[in-house]
Structure formats: C-alpha cells, structure tokens
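Inspection log for the structure reproduced underneath, given as structure tokens.
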Protein chains: 2
Amino acid sequence: MNYALNSTDNAAAALAAIRQMIETGKLPANGRLPTERDLAAELGCGRRIVRRALDALETEGLIWRKQGSGTFAGQPPDPTGALAAEIAPDADPLVVMEARLCIEPALADLCAKRATGEDVEKLRKLAHRASQPLDADTAELWDGALHRAIARIAANRVMLTAFALLDEVRMGSDWQEKRHRARSPETMTLYDRQHRDIIDAIERRDGQAASTAMRAHLEALSENLKTSMESSTE
Amino acid sequence: MNYALNSTDNAAAALAAIRQMIETGKLPANGRLPTERDLAAELGCGRRIVRRALDALETEGLIWRKQGSGTFAGQPPDPTGALAAEIAPDADPLVVMEARLCIEPALADLCAKRATGEDVEKLRKLAHRASQPLDADTAELWDGALHRAIARIAANRVMLTAFALLDEVRMGSDWQEKRHRARSPETMTLYDRQHRDIIDAIERRDGQAASTAMRAHLEALSENLKTSMESSTE
DNA sequence: GTGCCGAACCATTAAGCTATTGGTCCATGC
DNA sequence: GCATGGACCAATAGCTTAATGGTTCGGCAC
C-alpha cells in the first residue's frame with residue numbers, strides 16, 4: 001500500500017494515513033512503526049506534521065513513544081517482569097497466596113468505590129467465562145483475567161503495579177506445575193458463587209462486602225491449594 | 001594490614017582472614033571486596049581455598065556474589081528502584097496514601113502473627129525515636145523506619161517487595177517538597193499514641209487490632225496530608 | 001588417594017562506544 | 001501564518017571489550 005499523500009497535504013491526511021497504517025496491522029510483530037523521519041519521507045511531508053499526527057495518536061492512547069527507542073502501537077509494557085523474575089524462583093505458593101490475601105481484598109474495596117456500570121458488565125462476563133465447564137487451565141486463565149480486571153478498575157497505579165508484580169510471580173513460579181488444582185465440579189460452582197458475591201458487592205458500591213467476599217474467595221483458593229499440596233507429598 | 005597467611009595455610013585461616021577483612025570495614029563504600037583472584041594472590045593461597053571461604057561466608061549471609069560483577073559485603077540490594085522511578089513522576093500523594101491504606105494494615109496483621117519479643121523491642125525503640133521532638137525531617141525518617149520494620153517482620157517476600165516499591169515511590173515523588181507536614185505537637189503526640197497502639201496490638205499477637213490501629217494511623221496521616229495540600233493551594 | 005595449585009575455559013556482567021531515535025529549536029521559503 | 005528542512009540535544013539500544021564469578025582439568029605434593 002502506498003501511503004504517500006497527494007498534493008492537498010495537510011495534518012489531517014497524515015493522521016489518517018498513519019492511523020490506517022496502524023489499524024490495518026501492517027506492522028512488525030513488536031508493534032514498532034517507522035521512525036518519524038522515515039514516515040515523513042514516506043508520506044512526503046515534513047517531520048513536524050508527522051509529529052503532530054503522532055501527538056494526537058499518543059493522546060488517544062493508540063501509540064506510545066520512547067526517546068531513543070522508537071514509536072510503538074498499543075500500550076506501553078509494564079516493567080514488572082524483571083522484579084517478578086527475581087522473586088519467582090523461591091516463591092512458595094503459600095507465600096504468594098498470603099500476599100494475595102493482603103492485597104486483593106483491598107483492591108476489591110477500591111473497585112467497589114469506582115466501578116461503573118460498564119465495568120460491572122465486564123466483570124460479569126469474565127465470571128461467566130470462568131464458570132464454564134472447560135478444562136482447568138482455561139478456567140484458571142479466565143479467573144486470572146477477572147482478578148486482573150478488578151485490580152485495573154481500582155484505578156490506583158501504585159496498587160496496580162503491586163498487583164501486576166504479584167500476578168507475574170504467581171504465574172511465573174514453579175507453582176504452575178504444582179497445580180493439581182482439584183477443580184471438582186463442587187469447587188467450580190463454589191468459586192462461581194464467590195465471584196458472583198464479589199461482583200454483586202461491587203455493583204452495590206459496598207466496598208466492605210466486596211473486600212470480605214474477596215477474602216472468602218481467596219481463603220477457599222488457599223484451602224484448595226493446601227490440600228492439593230499435601231496430597232502431592234504423599 | 002597484611003592478610004598473607006603463614007606456612008600453616010588452611011581453609012579455616014583464609015576464612016578468618018577474609019572475615020576479619022570484612023568486619024574491620026576496610027572496604028570501598030559499595031562494600032565490594034577484591035576479586036577471588038586478587039584475594040588468592042594476597043593471601044598466598046589458591047583460588048579454590050578462597051572460593052570455599054567465600055562459600056561459607058555466603059551461606060552465613062555475610063556476603064553475596066554475582067557472576068560477572070563481583071563479591072559484596074552485606075545484603076543484596078532490592079531491585080525495586082527502576083520500577084519506583086517509573087511510577088514516581090506522576091504519583092499523586094493521595095494515590096500513594098491510598099495504596100498505603102491497602103497494604104500496611106495487612107502487613108501489620110502478618111507482623112502481629114510473627115513478631116518475636118525481640119522484634120517488639122526494636123519496634124518500641126523506633127517508635128520512641130520517632131516521638132522525640134526533633135525536626136520534622138528526622139521524625140519522618142524514624143517513622144519510615146518503623147513502618148519498614150513492620151513490613152520486614154511480616155516476613156513475606158512478595159509483600160516486602162511490594163512495600164519496598166511503595167516506600168520508594170513515597171520518598172521519590174515530588175511529594176517530598178509538598179510536605180508542609182504541619183507537625184504540630186498535637187499531631188506528634190497523636191502519632192506516637194497510634195504507634196504505641198499498633199505495637200501493643202502486635203505484642204498481644206492481635207492481628208485484627210494491629211490492622212485496625214495501622215489503618216487509623218494512616219487515616220490520620222492522610223487527613224494531615226489533605227489539609228496541608230489544601231492550605232498550599234490557597 | 002587426598003587435597004591443593006595453576007591454568008584454562010565458560011557464562012554473565014559492566015562499562016564504553018557508536019548509531020539510531022524522539023524532542024527541540026531556528027532560519028528559510030511559500 | 002505555517003510548513004519545511006536542517007541542525008542539535010538527550011536518551012536509548014546494540015555492539016564490543018574487559019573483568020569477574022563458576023567450572024573443569026591436569027599436575028603435583030603429601
């Protein structure tokens with residue numbers, strides 16, 4: 001595709017061209033788009049125009065830039081990976097679960113204070129997916145997505161980073177192997193019930209109840225984890 | 001001082017020599033000690049002996065080593081700096097305080113479950129220092145040390161890392177400037193009272209009460225912060 | 001044989017250097 | 001007024017190189 005602008009160049013045309021460039025997905029795997037200088041050459045306009053268009057797209061949240069590195073489509077990555085990798089190797093699943101019990105009830109409280117109706121809708125959808133009788137791995141993924149969504153809705157950057165750290169440690173540690181996760185139909189329905197309790201409390205803007213419900217849910221998870229670990233050492 | 005060993009060389013002598021080297025504090029500021037090869041040459045023994053001695057010291061927790069980097073005295077540093085720096089620039093003091101309200105009560109709970117008598121002693125000493133009528137900056141430092149000690153005693157690596165992150169964001173953000181911290185004698189005595197409440201609860205192994213007391217303390221801090229911010233915008 | 005030494009090699013790290021890239025400013029021209 | 005091209009700055013990534021801990025092996029003394 002040729003993105004060169006015709007003679008009626010203007011900022012709006014450049015913006016549209018770059019936006020199309022992004023949305024048609026004609027980008028390398030890492031989402032990196034051409035340098036500003038290259039874009040200017042390709043579009044046949046000056047760098048100033050390109051920068052203005054990129055400014056708009058950045059404000060829009062469609063791209064992010066880093067001086068010396070480049071311009072990328074999508075969201076800037078979370079730099080929690082290194083930290084998590086440092087902790088994960090010697091992360092006892094019970095320690096991780098204890099940390100979840102510290103952080104997630106508080107997040108549920110904040111979430112209840114800030115969730116919009118739209119947010120609650122999303123949560124319900126995620127809970128529904130997690131409750132479907134798929135294989136254990138998939139259910140785990142949707143469960144993780146639900147908890148992550150609650151953290152995101154809480155809208156506190158510091159807490160979100162702390163949660164991201166916790167989340168990566170949880171997924172990265174060897175515990176992935178240790179999950180015998182005796183996810184019987186009974187526990188599945190229990191978890192679903194607990195998810196609904198949490199979301200109901202969030203919808204009622206009842207932070208206290210959301211926190212309590214989340215705590216109950218995590219304690220059930222913890223209990224399940226303990227029994228599965230004991231049975232694995234037999 | 002000459003660390004060269006005499007003719008009755010053995011591993012124990014090398015260990016003692018290196019240990020003395022560390023404990024007498026004859027080291028550069030960063031705690032880096034000579035390379036294994038240099039140590040071997042200086043002590044007049046082989047690298048194998050040096051490595052065995054360093055192994056012992058490492059097991060002892062007196063030193064830590066990193067391939068390609070060197071051997072250092074003390075504890076390995078927490079790598080939370082980069083993450084904190086990423087968040088700090090746009091860290092609203094109120095957001096940070098909200099995060100503290102999420103994390104620190106939970107830490108106080110854990111701390112109450114795990115603190116030894118010795119730990120409680122340390123906490124009391126720190127609280128006493130923070131209550132001395134010094135300048136506001138120094139009081140702030142001792143207060144920070146107290147909260148950090150509670151996090152350390154909680155003995156959950158994941159939570160400790162999360163707290164370290166939070167702590168660095170708190171100290172690193174511009175909010176250092178914004179602290180008008182109207183630390184009147186009244187607030188000082190209030191904070192001291194609250195510190196004592198927290199530590200008393202920890203001593204009683206009453207995690208619930210410790211959590212509640214910590215929450216009350218942080219809410220007082222938050223209130224103080226809000227009023228000082230309002231007055232600064234006048 | 002046991003234990004140590006010396007040497008060599010590997011894996012990782014840090015530091016320095018260079019090219020690249022976004023961020024900014026300015027003179028010029030339309 | 002506004003866009004252009006150019007120049008420069010600041011930050012970054014990639015590469016190279018030297019240094020360091022980690023490991024292995026042959027040799028030697030006891």
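Here is the naming used below: chain letters follow the sequence lines, and residue numbers restart at 1 for every chain. Heavy-atom basis, side chains included; hydrogens, waters and symmetry copies ignored.
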Less than 4.5 Å apart, any side-chain heavy atom of B:L43 and any of B:I18?
yes

Does the side chain of A:H147 reach to within under 4.5 Å of the side chain of A:M214, using non-hydrogen atoms?
yes

Test log, rule side chain to side chain contact (heavy atoms under 4.5 Å, CB included), inputs A:V169 and B:T161
CA-CA 11 Å; A:V169 172; B:T161 304; over 6 Å; no

Could you tell me the separation between the [atom1] atom of [X] and the [atom2] atom of [N], rounded to a whole number of Å?
{"X": "B:L39", "N": "D:dG22", "atom1": "CG", "atom2": "P", "result": "13 Å"}
{"X": "B:L15", "N": "C:dC4", "atom1": "CG", "atom2": "P", "result": "13 Å"}
{"X": "B:I49", "N": "C:dG3", "atom1": "CD1", "atom2": "C1'", "result": "8 Å"}
{"X": "B:L54", "N": "D:dT20", "atom1": "CG", "atom2": "P", "result": "14 Å"}
{"X": "B:R51", "N": "C:dC4", "atom1": "CZ", "atom2": "P", "result": "15 Å"}

Please round to the nearest 0.5 Å and tell me the distance separating atom CD of B:Q20 and atom CD of B:E23.
8.5 Å

What residues, two or more places apart in sequence or in another chain, satisfy side chain to side chain donor-acceptor pair (under 3.5 Å) together with [X]?
{"X": "A:R148", "answer": "A:D167"}
{"X": "A:T116", "answer": "A:D119"}
{"X": "A:R48", "answer": "none"}

Classify every nucleotide of nucleotides 8-15 of chain C by which part a protein heavy atom approaches to under 4.0 Å, writing B for the base, S for the sugar-phosphate alone and - for neither, in 5'-to-3' order.
BB-BBB--

Which ring-ring contact (aromatic ring centres under 6.0 Å, His included) pairs, counting each pair once, include a residue from [range], with sequence neighbours left out?
{"range": "residues 21-55 of chain A", "result": "none"}
{"range": "residues 96-124 of chain B", "result": "none"}
{"range": "residues 97-121 of chain B", "result": "none"}

Yes or no on salt bridge (Lys or Arg N to Asp or Glu O under 4.0 Å) for B:R114 and A:E98, after CA distance, side-chain angles and deciding distance?
CA-CA 13 Å; B:R114 290 172 188 165; A:E98 188 178 77; 2.3 Å; yes

Report all interatomic pairs (protein N or O, nucleotide N or O of nucleotides 27-30 of chain C) with separations under 3.5 Å.
none

Salt bridge (charged side-chain N to carboxylate O under 4.0 Å, His left out) pairs, two or more places apart, involving residues 13-22 of chain A
A:R19-A:E60

Nearest to the A:T35 side chain among D:dG21, C:dT21, C:dC5, which nucleotide is it?
C:dT21

Relative to the 5' end of DNA chain D, which residue comes earlier, A:R32 or A:R52, by the nucleotide with the nearest heavy atom?
A:R52

What residues, two or more places apart in sequence or in another chain, satisfy side chain to side chain contact (heavy atoms under 4.5 Å, CB included) together with A:E36?
A:R47, A:V50, A:R51, A:L54, A:R65

Within residues 55-65 of chain A, which residues have any heavy atom lying less than 4.0 Å from an atom of DNA chain D?
none

List, with names and distances, any nitrogen or oxygen atoms from the protein found under 3.5 Å away from nitrogen or oxygen atoms belonging to nucleotides 27-29 of chain D.
none

